[in-house]
Amino acid sequence: MEKPILEARDLVKSFPGVRALSGVSLLCHPGRVHALLGENGAGKSTLVRILTGNQAADEGELLVDGRPVHPADPREALAYGVTAVYQELTVLPELPVTDNVMLGQESTRRGLLRRGRQHEVAREALKRVGLGDVDPRARAGTLSAAAQQLVEIARALVRGSRVVLLDEPSALLAGDRLDALHSVVRQLTADGVAIIYITHRLEEVAALADDVTVLRDGQVVSSGPAADYPVDRIVREMVGRAVDTVFPTATEPGDEEVFTVRGLIPAGTAGTGFDLTVRAGEIVGVAGLLGSGRSRLLRALAGAERPAQGTISVAGRPVRSSVRAAVAAGVVLVPEERKTEGLVLDLPVRANVTLADLRSVAGGGWLSAAREREAYAKERDRLGIRASGPDQETRQLSGGNQQKIVLAKWLRTRPRVLLLDEPTRGIDIGAKTEIYRIIAELAAEGLAVVFVSSELPEVTGLAHRVLVCRGGQVAGELSGERIDEEHIMHLALGTQEVP
Ligand SMILES: Nc1ncnc2c1ncn2[C@@H]1O[C@H](COP(=O)(O)OP(=O)(O)OP(=O)(O)O)[C@@H](O)[C@H]1O
Ligand SMILES: [Mg+2]
């Protein structure tokens, strides 16, 4: 193997109450994809931030081409040829796509390029990440979160880096978009670039990685060629024990019709309206390709988007189309964009956990911090939330742990109808099983559940019934024996009439 471009030696990083990294070493070789794996809070993003000079390590060394370097900020790391796409989107929504792609290049040669030429360079990079149809002059904020993620990857491309660190680049992607990402990664490695790739979608390891490093609690558990890392080994090393993603045995739904939708046409779509009845205890999965209208459907069900047509009722009572009316009727939506739509990052974790359910922590007209702490402790144990304590600022939590907080917040509200958009995105494999169990439990208590997921095993494993979206419409419905990945894919693609 060629000499490493980037090397980390014995990195140590502590935050108040947590040792995020304790002696982590890592090698990045040219032309190879190094998968960095570990549970939520294991220290992956911290390592990325140190490698790019975003944060300073307490101890340890960084070497580029065998020589020690001390990047004080991302700009210096960029000068060594190291760039990162962070877990949090850093796209500036008010700026045109071109400026976002060119971000950080202002002071270099490219900054002097004429505007027209800049758009051209941006368009070229966008094409490479599968965004050939995006107008580089458009405001970045008008793009979907998935497209914004790809804009960040385009940014890494125009920087011509030798080492590219990708922190959960695929979390928001599916289908063609995911394929585009993978082919960009392969292209980069073919050009000799070293890639660090962080993901919770473990099937990507076999598809993409050359090397694997598993972190647990801020330490390297092991490191080696990807061929030696079948999924069960990765999981065992991540979690510290064997875990089967077993789906809970579904209990039979009751007879009571809790959630009734008639003739619904989501705003901005055409065609015939659709009907849906969800009974108490029933779990309905919504599948479909990216952009097939799943999230829009869910938002219409939650009153977050006024539908073009149709009515929704809960336990026989019509619900006006507004979020307030829906919540009052017991319909809650856990959105896909959990961080922006679901959390107050400045508040302590205990406050976020109880935000949607203030009554349970109110005492004598005040919010009781003690009850909040109690509520937090319960959710921490259920979902394996890792924070230094109930009073920690939510902003400081790892990405996946923030996701768990939002889920906990909604799961606590005991609604009648629970709508979930991609409930396990960004969540580690140990906690996924736990989330499935909680969903099944809530259903068994009489809730009606509708969830959107891009992970087919999740849909087939959890749902009593599956709706498949295509082109903004519900293209079909499957139940019982007919729920399998093949039937779902045919409906999603429109390739075959399923009898
Ligand atoms: N600025 C900070 N202040 C305090 N604690 C922090 C800070 N940044 C990270 N931590 C803590 O360091 C630990 C490692 O976090 P990190 O973000 O590196 O995890 P991760 O492996 O990327 O997890 P995920 O898969 O959830 O993204 C966590 O316990 C986190 O709460
Ligand atoms: Mg992270």
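The residues of the chain are indexed from 1 along the displayed sequence. One-based numbering, in listed order, for ligands and for the atoms of each. Being a predicted model, the structure only gives us computed values, none of them experimental.
For Ala42, a nitrogen or oxygen atom sits less than 3.5 Å from a nitrogen or oxygen atom of ligand 1, counting backbone and side chain alike. For ligand 1, the polar-atom distance check against Gly41 finds a nitrogen or oxygen pair separated by under 3.5 Å. Considering backbone and side-chain N/O of Arg386, none are found under 3.5 Å from N/O of ligand 1. The shortest N or O to N or O distance between Gly400 and ligand 1 is below 3.5 Å.
Close approach of ligand 1 to Asn40 (heavy-atom distance below 4.0 Å) involves ligand atoms 23 (O), 24 (P), 25 (O), 26 (O). Close approach of ligand 1 to Glu168 (heavy-atom distance below 4.0 Å) involves ligand atoms 25 (O), 27 (O). The ligand atoms of ligand 1 that sit less than 4.0 angstrom from a heavy atom of Gln87 are 27 (O). For ligand 1, the atoms lying closer than 4.0 Å to a non-hydrogen atom of Thr46 are 14 (C), 15 (O), 16 (P), 18 (O).
A donor-acceptor pair under 3.5 Å links the side-chain atoms of Ser223 to the main chain of Val212, judged by distance alone. Remark: side-chain polar atoms of Glu59 are not paired, donor with acceptor, to backbone N or O of Lys13 under 3.5 angstrom. The backbone N or O of Ser295 sits nowhere less than 3.5 Å from a side-chain atom of Asp421 that would complete a donor-acceptor pair.
A side chain to side chain donor-acceptor pair (under 3.5 Å) with Tyr197 holds for exactly one of Glu204, His34, Glu168; it is Glu204.
A heavy-atom separation below 4.0 Å is not found between Lys13 and ligand 1.
Of the N and O atoms on the side chains of Arg425 and Gln403, not one donor lies less than 3.5 Å from an acceptor on the other residue.
Cation-pi check for Arg373 over Tyr376 is not met; the charged atom does not lie both under 6.0 angstrom from the ring centroid and within 45 degrees of its normal.
For the pair Glu455 and Lys432, the minimum side-chain heavy-atom distance is below 4.5 Å.
Among protein atoms, those of element N, O or S found less than 2.8 Å away from the Mg ion (ligand 2) are Ser45 OG, Gln87 OE1.
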